[in-house]
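Since the structure comes first, as structure tokens, the remarks are kept for the end.
Keep in mind that the numbers below use all heavy atoms, side chains included, and drop hydrogens, waters and symmetry copies. Whatever order the structure lists ligands and atoms in, that order sets their numbers, starting from 1.
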Amino acid sequence: MLDSVTDLRSLLKDPALLATRAYIAGEWVEADDGATFDVRNPARGDVICSVPDLSRAEAARAIAAAEGAQKEWAARTAKERANILRTWFNLMMENQDDLARILTAEMGKPLTEAKGEIAYGASFIEWFAEEGKRIYGETIPGHMPDKRLTVIRQPIGVAASITPWNFPNAMITRKCGPALAAGCGFVARPAAETPLSALALAVLAERAGLPRGIFSVITSSRSSDIGKEFCENPTVRKLSFTGSTEVGRILLRQAADQIMKCSMELGGNAPFIVFDDADLDEAVKGAMASKFRNNGQTCVCANRIYVQAGVYDAFAEKLAAAVDKMRVGDGLKDGVDAGPLINEDAVGKVEQHIQDVLDHGGQVLTGGKRHDLGGTFFQPTVVTGVTQKMRVAHEETFGPLAPLFRFETEEEAIRLANDTIFGLAAYFYARDIGRVTRVQEGLEYGIVGVNTGIISTEVAPFGGVKQSGLGREGSRHGIEDYLEMKYICTSI
Ligand SMILES: NC(=O)C1=CN([C@@H]2O[C@H](COP(=O)(O)OP(=O)(O)OC[C@H]3O[C@@H](n4cnc5c(N)ncnc54)[C@H](OP(=O)(O)O)[C@@H]3O)[C@@H](O)[C@H]2O)C=CC1
Ligand SMILES: O=C(O)[C@H](O)CS(=O)(=O)O
């Protein structure tokens, strides 16, 4: 097991990627007051290293440096910015193995998933390097003979991000990619659980030639303080947040004072619907992929699995058999399908959801308890007899729990699936074209997977409706949130 920075450095081809100081204005710094906080390997809770515990003053300096660098950065051509971003992408892919080991060490996901995340994260840098060249304007036929009308789009200025621990690389690049391509300055504050992946990104950004000050990484355990600096500092013109709906609400309230432009990628409660005309084996594969990716710790994981009555028992049996084959262990070891949960609170939530199902008449089909490995390892679990009265119907578990609900009709399935304040991702398996059309149109979600359990890609718009968020990330739409539109009316 990992229990020190020496152990982790010994696993890396390039130990310099394991940076343990914050990155502000092109400098590697300690906290002004020398404070630090520990970064732990969730598999055992061992301390990997400590990093500086920055406060608002250092965050303010990073914001000022981003403002100072932004005008020159925006004055470069889109192609010049693209070339540097492309170099950054290349460096991320060349160092994929090391970045994945650092990510697994601090977050716990299996190395195979971590490598996948590095490629996914890098794809946003690659994609938006090119999208930056397509920030087109408009000319509009004048409303009067002596008027000439144009519309241009300019970088919004300094953008800031607050990101969660579950995708410590990709959630940052999904935001800084479009921001930097558009000509913005960028200040990132990663989750306290997982700062090392963000710092490794800064090491490679420096090597790629990103100008000093244009990109900073604030390591801090004082998330509320840094969030307030981002929301209250008048230089920050854009806040992009990924995390829980509860925290998103706090940030929106704080940002309202400045009428700040915000993107919010928030909580989910994804329904996964299996109709009686589905290919059951494909549906099981999709459920396994969607439910147990990152050990259930993603906002787009299937959180509720609705199965039509005629195929309920067959699907439950097939799913339990697939779940029983999952290999739980230390993510740094080969052949592991599920690592530890991020912390004890995460384990507690899974246990509470399982107990609530049992208290209301449901049953455990497989799993249901902490794993023999101890720590925050948990048995992948399937529960049956689940109903809308239970907590798991309305709360995001964010763990390896697959709750099976039974339904009778198509109308009932759509109604139950939409019975939530969330609206991020939904999935269903069916083959009748009329049913597929009616269901994909009837689901109130920003993302719908039809006969697939994995939907994430940099080329498509990712985001939710209702209380799952505001805005879209990735795709040709993702750069819009880092631009301001200017209408110019010229009298000739
Ligand atoms: N829609 C999406 O794409 C995603 C949504 N989520 C949702 O987030 C939840 C799980 O992730 P989790 O990290 O626990 O979510 P949190 O919302 O608790 O934390 C997300 C980030 O916000 C920071 N934070 C917490 N409180 C504040 C505050 N008052 N002001 C400023 N920043 C704050 C956290 O810092 P720290 O951790 O250091 O406290 C972390 O960096 C789930 O509900 C999940 O669905 C998660 C990932 C993606
Ligand atoms: O943080 C998350 O859960 C991600 O947004 C999910 S994905 O984009 O990696 O699928």
Distance only, no hydrogens: is a donor on one side chain within 3.5 Å (strictly under) of an acceptor on the other, for Asp46 and Asn41?
-> no

Backbone, side chain, both or neither: what part of Arg249 comes under 4.0 angstrom of ligand 1, heavy atoms only?
-> neither

Salt-bridge present (Arg370, Glu344; N to O < 4.0 Å) | yes

Knowing that exactly one of His360, His353, Gln352 qualifies, which makes a side-chain hydrogen bond (donor to acceptor under 3.5 Å, both in side chains) with Asp356?
-> His360

For ligand 1, is Gly469 a contact, meaning one of its heavy atoms is under 4.0 Å away?
-> no

Which residue and non-hydrogen atom of the protein lie closest to atom 5 (O) of ligand 2, and at what distance in Å?
-> Arg174 NH2, 3.0 Å

On the 0 to 90° scale, with breaks at 30° and 60°, tag the Tyr23-Trp28 ring pair as parallel, tilted or perpendicular.
-> tilted

Answer side chain, backbone, both or neither: which part of Asn294 comes under 4.0 Å from ligand 2, heavy atoms only.
-> neither

Any non-hydrogen protein atom less than 4.0 Å away from atom 19 (O) of ligand 1 | no

Ligand 2 atoms nearer than 4.0 angstrom to some heavy atom of Asn166 are 1 (O), 2 (C), 3 (O)

Within-cut-off N or O pair, Thr245 and ligand 1, under 3.5 Å | no

Looking only at non-hydrogen atoms, find the nearest pair between Gly268 and Leu424 and report the distance.
-> CA-CB, 4.3 Å

Should Cys299 be counted as touching ligand 2, given the test is an N or O pair under 3.5 Å?
-> yes

Can you sort out which atoms of ligand 2 are near Val300, meaning under 4.0 Å from one of its heavy atoms?
-> 6 (C), 10 (O)

Quiz item: cation-pi between Arg189 and Phe230, 6.0 Å / 45° | no

Can you find an N/O atom of Val247 closer than 3.5 Å to an N/O atom of ligand 1?
-> no

Under 4.0 Å from a heavy atom of Glu396: give me the atoms of ligand 1 that qualify, with their elements.
-> 42 (C), 43 (O), 44 (C), 45 (O)

Would you kindly say whether Thr242 and Lys175 are connected by a side-chain donor-acceptor distance under 3.5 Å?
-> yes

Which is it for Trp88 and Phe128 under the ring pair (Phe, Tyr, Trp, His ring centres under 6.0 Å) test, yes or no, and what are the steps along the way?
-> CA-CA 12 Å; Trp88 197 14; Phe128 284 109; over 10 Å; no

Would you mind listing which atoms of ligand 2 come within a distance below 4.0 Å of any non-hydrogen atom of Thr298?
-> 3 (O)

Aromatic rings Phe124 and Tyr120: how do their planes relate, parallel, tilted or perpendicular, breaks at 30° and 60°?
-> perpendicular

Within 45° cone of Phe167 ring axis and under 6.0 Å: Lys109 NZ or CZ | yes

For atom 41 (O) of ligand 1, state which one of Thr242, Thr163, Ile162 supplies the nearest heavy atom.
-> Thr163

Side chains of Ser221 and Asp53: donor-acceptor distance under 3.5 Å anywhere?
-> yes

Proximity of Gln297 to ligand 1 by residue part, where a heavy atom lies under 4.0 Å = neither

Determine whether the side chain, the backbone, both or neither of Ile226 has a heavy atom under 4.0 Å from any heavy atom of ligand 1.
-> neither

Check whether any N or O atom of Ser456, backbone or side chain, sits under 3.5 Å from an N or O atom of ligand 2, and answer yes or no.
-> yes

Sub-4.0 Å atoms of ligand 1 with respect to non-hydrogen atoms of Glu193 | 37 (O)

May I ask whether Arg189 has any heavy atom positioned less than 4.0 angstrom from an atom of ligand 1?
-> yes

Would you say Arg293 contacts ligand 2, with heavy atoms under 4.0 Å as the rule?
-> yes

Which one holds for Met171 and ligand 2: side chain close, backbone close, both close, or neither close, with close meaning a heavy atom under 4.0 Å?
-> side chain

For Glu232, which of Gln258, Gln254, Arg56 qualifies under side-chain hydrogen bond (donor to acceptor under 3.5 Å, both in side chains)?
-> Arg56

In terms of the angle between their ring planes, are Phe405 and Tyr306 parallel, tilted or perpendicular, with boundaries placed at 30° and 60°?
-> tilted

Nearest heavy atom to atom 15 (O) of ligand 1: which of Ser244, Gly227, Cys301, Ser220 does it belong to?
-> Ser244

If you measure from each non-hydrogen atom of Asn166 to ligand 1, which part falls under 4.0 Å: side chain, backbone, both or neither?
-> side chain

Within-cut-off N or O pair, Phe398 and ligand 1, under 3.5 Å | no

